[in-house]
Amino acid sequence: MIQRWPHKKKTQLPLIALLCFLFVLCTIFYNERRFLQIHRKENRKGDHIGTPNDVKKTISFLNSSRPKVPPVALDRFSTCKSTVKYSGQKARWDINSIHSDKQQEETKDSCNIFSGKWVLDDTSYPLYKESDCPYMSDQLACHKHGRPDLEYQYWRWQPHGCNLKRWNASEMWEKLRDKRLMFVGDSLNRGQWISMLCLLESTIPPDKKSITPNAPLTIFRAEEYNATVEFQWAPLVVESNSDDPVNHRLDERIMRPDSVLRHASEWENVDILVFNSYLWWRQGPVKLLWSNEENGVCEKAEGLEGMKLAMEAWGNWIESNIDPLKKKVFFVTMSPTHLWSREWESGTEGNCYGEKTPINDQGYWGSGSDLPTMRMVDNVVNKLKSRVSVINITQMSEYRKDGHPSIYRKFWESRSEEQLANPMSYSDCIHWCLPGVPDVWNELLFHFL
Ligand SMILES: *[C@@H]1O[C@H](CO)[C@@H](O)[C@H](O)[C@H]1NC(C)=O
Ligand SMILES: *[C@@H]1O[C@H](CO)[C@@H](O)[C@H](O)[C@H]1NC(C)=O
Ligand SMILES: *[C@@H]1O[C@H](CO)[C@@H](O)[C@H](O)[C@H]1NC(C)=O
Ligand SMILES: *[C@@H]1O[C@H](CO)[C@@H](O)[C@H](O)[C@H]1NC(C)=O
């Protein structure tokens, strides 16, 4: 699988680092489904990068009225007939014309809950036991998979100058009574959803809860509260060829930059929506297939350009469908990775493997958290300020180089002897152990509900 990864970036990095890099690229695409088959990449030879003769220099706007023939749904077999360079066209969304009003920005010096430090607290933490949670994923159960040090479970987030509301499962259930809470996004967001189930489930007797698995939408039901806690797999937010949680194309992401409809049909009746999207845009260029494109011509865009289009399509849906008095929408910012230990300890050649404590350096920011992406997200959500709240997990999670599974999780392929001799080469420094960092993201959510 590693050899098949089509990334052709030239790099002078040492072999170990290169292997880590390739490995993590692969792992983030993998779902933890127990029976997951290793994805067999079909070589799509017919697809070529055409020379764009007619690349428009200026940004053009696409008429976003529905095309006469509804566009074909994308799936993992979808292909582009040809590919040209992204022309810069955008959909004509209302959100593009909204300007965030700088004057209206709050100036009151309320405490920034996202700015703080991690303190060891082994009386309140962990908030649940790994082995007690029936919904725990093998991808995140680090202790079960042999992690010997458990300090990563005992850290509390302490904001500077104020306190985070203490987690209380019964109180959370009261907030969720007669409601639907839905997490929408990629495997990081799924980790947060699993954390939420683990945080909540113990107060519900076994015969009063149920879960419907194996679908793009997984639903946990708590009968007594008439409430659901759901997860929808939508790694690119908009419709794409990767919307199947198990079988998706990792090498060639094709997306509809102007359509969230496939996913949004499920969002309509949800009371609390929690979105994320980031790492899937960090894997090189994406292909755009506009809804009114009838000849299968894709445009190849950089990840950040693609994400911006997706965020705008999403923002447009929020703008026209969310009544802030009735519904709550959250956007969780990028989850940091810890792929290069030299970023927090110069001279070292490792990654998160073997890390046992958080970073102490206030304001530490690693190369995995892309600032242009953060600014773009900032910009889009600012226009939606009355409707969307940001859960800014990036800085706080940057400190937690100790929070990743590294080698202590289930892997779907057996390890070669060479890899086993060098654990760093297959460490997962992207996802997070549970109990752990995502529990605190959920405490933030609880705090804002
Ligand atoms: C654009 O959409 C509007 C309806 O919103 C329609 O009246 C108009 O004819 C469309 N223009 C083009 C060029 O398709
Ligand atoms: C948790 O919340 C419930 C219901 O809101 C309340 O009765 C209980 O005292 C709270 N528990 C703690 C430890 O604060
Ligand atoms: C359960 O919750 C839904 C909203 O999610 C509501 O429409 C329905 O009336 C509730 N059912 C009961 C029995 O309260
Ligand atoms: C999140 O926090 C970081 C650092 O604390 C800040 O630079 C960034 O602008 C924030 N992002 C959003 C979307 O609020």
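Both ligands and their constituent atoms are indexed starting at 1 by order of listing.
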Could you go through the ring-ring contact (aromatic ring centres under 6.0 Å, His included) check for W280 and H248 one step at a time? CA-CA 12 Å; W280 277 66; H248 32 247; 5.4 Å; yes

Check whether any heavy atom of T394 sits under 4.0 Å from an atom of ligand 4. no

For the atom pair OH (Y135) and CD1 (I211), what is the distance rounded to the nearest 0.5 Å? 6.0 Å

cation_pi(K165, F446) dist<6.0 Å, angle<=45: yes

Could you check ligand 3 for N or O atoms lying under 3.5 Å from protein N or O atoms and list the pairs with distances?
from	atom 1	to	atom 2	distance (Å)
ligand 3	2 (O)	N226	ND2	2.3
ligand 3	5 (O)	D178	O	3.1
ligand 3	11 (N)	N226	ND2	2.8

Please determine if N392 has a nitrogen or oxygen closer than 3.5 Å to a nitrogen or oxygen of ligand 4. yes

Close aromatic pair by centroid cut-off 6.0 Å: F275 and W267: yes

R177 and E174: salt bridge (Lys or Arg N to Asp or Glu O under 4.0 Å), yes or no, with the steps? CA-CA 5 Å; R177 189 181 283 280; E174 287 306 331; 3.1 Å; yes

With the threshold set at 4.0 Å, does a side-chain nitrogen-carboxylate oxygen contact exist between K356 and E151? no

Heteroatom proximity flag, W365 to ligand 4, N/O under 3.5 Å: no

Hey, is ligand 2 close enough to E174 that some N/O pair sits below 3.5 Å? no

State which residue, out of Y154, W157, Y152, fulfils the ring-ring contact (aromatic ring centres under 6.0 Å, His included) condition with W118. W157

Are K287 and E252 close enough, and set up right, to give a salt bridge (Lys or Arg N to Asp or Glu O under 4.0 Å), and what steps lead you there? CA-CA 7 Å; K287 291 184 177 176; E252 187 185 81; 3.0 Å; yes

